[in-house]
> 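Before I ask anything, here is the structure I am working with.
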Amino acid sequence: RFNALGGIAAGTANTPFQIRLNTSNTCATDNNAYVGATLEIVGGTASGDVRTINAYNSVTRTANVSRNFTANTDATSQYRIKFDFSDAES
């Protein structure tokens, strides 16, 4: 597995099924690049939630997840994205 640790951009409004990836980190530039990866909230609001990413918009850097978070993510939410090597394209 490959892990990427990041956080929410401050002031981002999130829905129960979306999270905006931190714009200070390098994010994928291809739509749906993270589809199938696991997103885990490791700190702050919704900590402990684990979801599968089912859509990703590279322009807004917003990931949709398989089911709602237990609470809307906010600027305190820290996340980790986990990939299996089988998720990588060559």
> Taking only residues two or more places apart in sequence or in another chain, which ones pass side chain to side chain donor-acceptor pair (under 3.5 Å) with Thr62?
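Only Thr60 meet the side chain to side chain donor-acceptor pair (under 3.5 Å) criterion with Thr62.
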> What heavy-atom pair brings Gln18 and Thr73 nearest, and what distance separates the two atoms?
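Closest heavy-atom pair between Gln18 and Thr73: O-OG1, 3.7 Å.
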> Using every non-hydrogen atom in the two residues, find where Val65 and Arg51 come nearest and quote the distance to one decimal.
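Nearest pair, atom of Val65 first, then Arg51: CB-CB, 3.6 Å.
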> Taking ring pair (Phe, Tyr, Trp, His ring centres under 6.0 Å) as the cut-off, I'd like each qualifying pair that reaches into residues 35-61, sequence neighbours left out, listed once.
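Sorted pair list: Tyr34-Tyr56.
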> State the CG-OG1 distance between Asp49 and Thr70, to the nearest 0.5 angstrom.
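It comes to 3.5 Å.
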> Restricting to side-chain contact (heavy atoms from CB on, under 4.5 Å), what partner residues turn up for Thr52, sequence neighbours left out?
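Expected list: Ser66.
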> Compare every heavy atom of Asn57 with every heavy atom of Val59, then report the nearest pair and how far apart it is.
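Minimum heavy-atom separation between Val59 and Asn57: N-OD1, 2.8 Å.
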> Determine which pairs satisfy salt bridge (charged side-chain N to carboxylate O under 4.0 Å, His left out) with at least one residue from residues 32-44, sequence neighbours left out, and list them in order.
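Sorted result for residues 32-44: Glu40-Arg80, Glu40-Lys82.
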> Excluding sequence neighbours, so at least two apart, what forms side chain to side chain donor-acceptor pair (under 3.5 Å) with Asn31?
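Once residues adjacent in sequence are excluded, the partners of Asn31 under the side chain to side chain donor-acceptor pair (under 3.5 Å) criterion are Ser58.
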> Could you give the distance from OH (Tyr79) to CD1 (Ile41), rounded to the nearest 0.5 Å?
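Interatomic distance, Tyr79 OH to Ile41 CD1, rounded to 0.5 Å: 9.0 Å.
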> Find out whether Thr38 and Ile81 are in side-chain contact, i.e. whether some heavy atom of one side chain is under 4.5 Å from a heavy atom of the other.
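No, their side chains stay 4.5 Å or more apart.
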> With sequence neighbours excluded, tell me which residues meet side-chain contact (heavy atoms from CB on, under 4.5 Å) with Ala71.
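Here the qualifying residues are Thr45.
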